[in-house]
Colleague: 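Structure incoming, see below.
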Amino acid sequence: MSIDFKKLLSDFTTMDRVTKYLLGAKAPANFKPVTIKAIDCSGATLYWLRRCADIMLPDGSMNQLAWCEKNLRKLKRYEDVQYAKDDASRLFIAFIVPNKLQRYLNSKDGRARGRHVFLVYMGMTMESYGGHGVGSLPWNKRKSVNCFEVKNG
């Protein structure tokens, strides 16, 4: 698989600060970014990866985390991506998961369940989040337990 970083950045920039957050909102890959008025975190991740890397993720952050864990031939797991923050050839999918107590209370098996999903590129997030919509934050403002590099090429 090959990542079209130019298209990713163009799509993200078009949606940044214009596309609002709405839980459950999705957009088909054939929609132009300018036409998308609202999208949630998993919808944004699904949309960008489908359009820019031809990756077909399932819907929902929990399902996307499970997909990443099952597809380690296409992805590589990392605990942190700080060392790659200036590398324009690398893209990551990251998940915020509940803490250990929440995992124990919400899961019979104690496994991590993704609550929020976003992309990390050049040390910045690409995401859609409540109260804002599509936007970006420095990677160090988001804590992630699960992070996967999308292999390019």
Side-chain angles (χ1 to χ4, degrees), residues 1 3 5 8-9 11-27 29 33 36-53 55-152:
M1 98 190 73
I3 303 167
F5 288 103
L8 175 64
L9 291 172
D11 286 359
F12 174 78
T13 302
T14 300
M15 296 169 71
D16 187 19
R17 297 188 189 103
V18 175
T19 306
K20 303 297 178 202
Y21 177 86
L22 179 63
L23 182 62
K26 310 296 179 216
I36 302 168
K37 302 301 179 203
I39 200 161
D40 70 6
C41 66
S42 64
T45 302
L46 187 153
Y47 177 78
W48 293 322
L49 288 179
R50 175 66 179 120
R51 285 178 53 88
C52 304
I55 295 174
M56 292 295 295
L57 288 177
D59 183 25
S61 59
M62 289 192 306
N63 295 328
Q64 290 174 351
L65 176 55
W67 184 91
C68 287
E69 289 172 342
K70 289 178 184 173
N71 285 278
L72 292 176
R73 286 187 310 248
K74 298 177 185 177
L75 308 167
K76 185 174 180 181
R77 180 187 293 259
Y78 287 92
E79 292 298 319
D80 189 9
V81 296
Q82 281 295 80
Y83 63 88
K85 70 180 184 176
D86 296 326
D87 188 342
S89 69
R90 302 176 88 177
L91 179 66
F92 300 85
I93 305 170
F95 297 87
I96 295 175
V97 299
N99 66 34
K100 288 181 182 179
L101 177 59
Q102 288 172 320
R103 274 187 270 174
Y104 175 75
L105 295 174
N106 295 328
S107 167
K108 291 180 182 176
D109 62 8
R111 292 184 60 217
R113 302 288 190 249
R115 288 190 347 202
H116 181 61
V117 60
F118 52 96
L119 300 178
V120 179
Y121 180 66
M122 294 287 295
M124 299 295 289
T125 67
M126 302 171 100
E127 59 187 311
S128 183
Y129 54 98
H132 186 275
V134 172
S136 186
L137 295 168
W139 166 250
N140 62 2
K141 298 290 183 192
R142 290 283 194 214
K143 301 298 179 198
S144 169
V145 172
N146 292 286
C147 185
F148 301 85
E149 182 176 6
V150 179
K151 294 180 183 173
N152 192 18

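From a predicted model like this one, the values you see are computed outputs, not experimental measurements.
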Colleague: Verify side chain to side chain contact (heavy atoms under 4.5 Å, CB included) between L137 and E127, making sure each step is shown before the conclusion.
Modeller: CA-CA 9 Å; L137 295 168; E127 59 187 311; 3.8 Å; yes
Colleague: Is the shortest side-chain heavy-atom distance between S42 and M62 below 4.5 Å?
Modeller: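 No, their side chains stay 4.5 Å or more apart.
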Colleague: Take F5 and M122, measure what side chain to side chain contact (heavy atoms under 4.5 Å, CB included) needs, and give me the verdict at the end.
Modeller: CA-CA 11 Å; F5 288 103; M122 294 287 295; over 6 Å; no
Colleague: Got a sec, which residues hit ring-ring contact (aromatic ring centres under 6.0 Å, His included) with F148, two or more places apart in sequence or on another chain?
Modeller: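 Residues passing ring-ring contact (aromatic ring centres under 6.0 Å, His included) with F148: none at all.
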Colleague: Show the nearest heavy-atom pair for residues A27 and Y47, with the distance to one decimal.
Modeller: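 That would be O-CD1, 3.5 Å.
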Colleague: May I ask you to test the T45-Q64 pair for a side-chain heavy-atom distance under 4.5 Å?
Modeller: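 Yes, side chains in contact.
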Colleague: Side-chain contact, heavy-atom cut-off 4.5 Å: D40 with Y21?
Modeller: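 A side-chain contact exists here, since the closest heavy-atom pair is under 4.5 Å.
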Colleague: Do R51 and P33 come within less than 4.5 Å of each other through their side chains, counting heavy atoms only?
Modeller: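 Yes, at least one pair of side-chain atoms sits under 4.5 Å.
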Colleague: Does the side chain to side chain contact (heavy atoms under 4.5 Å, CB included) test come out yes or no for I96 and Y129, once each step is laid out?
Modeller: CA-CA 12 Å; I96 295 175; Y129 54 98; over 6 Å; no
Colleague: Using the test side-chain contact (heavy atoms from CB on, under 4.5 Å), find all partners of F12 that sit at least two apart in sequence or belong to another chain.
Modeller: D16, W48, M126, V134, S136
Colleague: Kindly indicate whether the side chain of L91, heavy atoms from C-beta on, has any atom under 4.5 Å from the side chain of V120.
Modeller: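 No - every pair of side-chain heavy atoms lies 4.5 Å or more apart.
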Colleague: Do L119 and L8 come within less than 4.5 Å of each other through their side chains, counting heavy atoms only?
Modeller: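 SC-SC contact between L119 and L8 confirmed.
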Colleague: Any non-hydrogen side-chain atom of R73 less than 4.5 Å from a side-chain atom of K151?
Modeller: no
Colleague: Just how far is it from atom CG of L46 to atom CG of N63, taken to the nearest 0.5 Å?
Modeller: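 Rounded to the nearest 0.5 Å, the CG-CG separation comes to 10.5 Å.
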Colleague: When you measure from the side chain of S128 to the backbone N and O of A44, does any donor-acceptor pair fall under 3.5 Å?
Modeller: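 Judged by distance alone, no pair lies under 3.5 Å.
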Colleague: How long is the span from the CD atom in E149 to the CG atom in L75, to the nearest 0.5 Å?
Modeller: 9.0 Å
Colleague: Check side chain to side chain donor-acceptor pair (under 3.5 Å) between Y121 and all other residues, then give those that pass, not counting sequence neighbours.
Modeller: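 Listed in chain order: nothing, the list is empty.
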Colleague: What is the distance from atom CD1 of I93 to atom CG of L57, rounded to the nearest 0.5 Å?
Modeller: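 Answer rounded to 0.5 Å: 5.5 Å.
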Colleague: Does K20 have any side-chain contact (heavy atoms from CB on, under 4.5 Å) partners at least two apart in sequence or in another chain, and if so, which?
Modeller: none
Colleague: Does some side-chain heavy atom of I36 sit less than 4.5 Å from a side-chain heavy atom of T14?
Modeller: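 No, every pair of side-chain atoms sits at 4.5 Å or beyond.
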Colleague: Take V117 and L65, measure what side chain to side chain contact (heavy atoms under 4.5 Å, CB included) needs, and give me the verdict at the end.
Modeller: CA-CA 8 Å; V117 60; L65 176 55; over 6 Å; no
